[in-house]
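What follows is one structure encoded as structure tokens, with my remarks underneath.
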Amino acid sequence: MSDFNEEYALKITRREVSLVVCPIDTFTGMMAYAEGLRVWVEGLSARPVVKPTGEFVFFDLPVGTWQVHVESKLFFEEIRDVEVEEEASREKGSTLKIPNMLTIRLIPTRRYGVPPDTKLVTGYYPPGTGVYVTQKDNNTGIKSMSYEEIEGNAQMVIYSAYALNPMGKEFGVLDQEGEMKCFVVVKKIEKGVNLYRISTLLTKPLIRGQALYLVSRGRADSTGYLFLPVKNIAKNAEVRVWD
């Protein structure tokens, strides 16, 4: 075996993952892969590492509050504040930063390429107004068979007579004040069982068999124009302002 050649030596630097940003396309419910999609942290010059699966990974952020920007011509810009904290490490006298997982759902602009089987909800609202469409139709709904909160996370057994895949989709239910409370189906917990973790703790207990309906969100642009693509929109869909 030949001796070690310093000419080809690699420099190995220890880096700590501080933040992982997951941009989600609200129309598809999947990771956003738009050309020119940019994720950056205000005040930070270092660029993130983009994983093949679409996540943006930031390393070695100092402890504190940071502002995350997501930009693309196909989606509205989104800005979120995130806290970078640290906790005691197993090594005596040292600390370890706690990685943040930040999921940001992106709302399409009028430049978004719409598939041919898609309906469009359009109109004019005050600029920046958020609008959602609730589809109260059996073909686009699911039923909650159980709901419980475990260790701060909400999970639900979901039933769909129309084999609707709920993963990554947003659904709505009325809260105690009669306002729409929305949640996203995050991930399946058990194989072979329709048990899913959802994104939001619900304020109103769900009744077994209670119907939950798909929600699509949009936002009026700077001119007041609303562009909201919706797949297979129901005839009795309701359009409401949400902020």
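Below, all heavy atoms of this structure are taken into account, side chains as well, without hydrogens, waters or symmetry copies.
Taken together through direct or relayed side-chain contacts under 4.5 Å among Ile, Leu, Val, Met, Phe, Trp and Tyr, Leu37 and Val50 form part of one hydrophobic cluster. Val20 and Ile79 fall into different hydrophobic clusters, where Ile, Leu, Val, Met, Phe, Trp and Tyr residues are linked whenever their side-chain heavy atoms come under 4.5 Å apart, directly or through other members. One hydrophobic cluster, built from ILVMFWY side chains closer than 4.5 Å, holds both Phe183 and Met167. Under the 4.5 Å side-chain contact rule for hydrophobic residues, Ile104 and Val84 share a cluster. Cluster annotation: Val82 and Leu106 are assigned to the same hydrophobic cluster (Ile/Leu/Val/Met/Phe/Trp/Tyr, side-chain heavy-atom contacts under 4.5 Å, transitive).
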Q.
If you apply the rule side-chain contact (heavy atoms from CB on, under 4.5 Å), what do you find for Tyr159 with Ile142, and how did you get there?
A. CA-CA 6 Å; Tyr159 170 75; Ile142 59 175; over 6 Å; no

Q: Step by step, work out the side-chain contact (heavy atoms from CB on, under 4.5 Å) result for Thr109 and Asp221.
A: CA-CA 8 Å; Thr109 66; Asp221 62 20; over 6 Å; no

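Heavy-atom contacts from other residues, nucleotides or ligands closer than 6.0 Å to NZ of Lys188 number more than 12. Arg208 CZ: 12 or fewer foreign heavy atoms inside a 6.0 Å radius.
A distance-only check finds no donor-acceptor pair linking the side chain of Arg219 to the backbone of Thr129 [under 3.5 Å]. Asp60 contributes a side-chain N or O that, together with a main-chain N or O of Glu16, makes up a donor-acceptor pair within less than 3.5 Å.
Atom CD of Glu170 is separated from atom CD1 of Ile198 by 11.5 Å, given to the nearest 0.5 angstrom. Note that CZ of Arg217 and OG1 of Thr134 are 9.5 Å apart. Values are rounded to the nearest 0.5 Å.
Aromatic rings from Phe171 and Tyr213 are positioned such that their centres are separated by 6.0 Å or more. With ring centers used as reference points, Tyr112 lies under 6.0 Å from Phe27.
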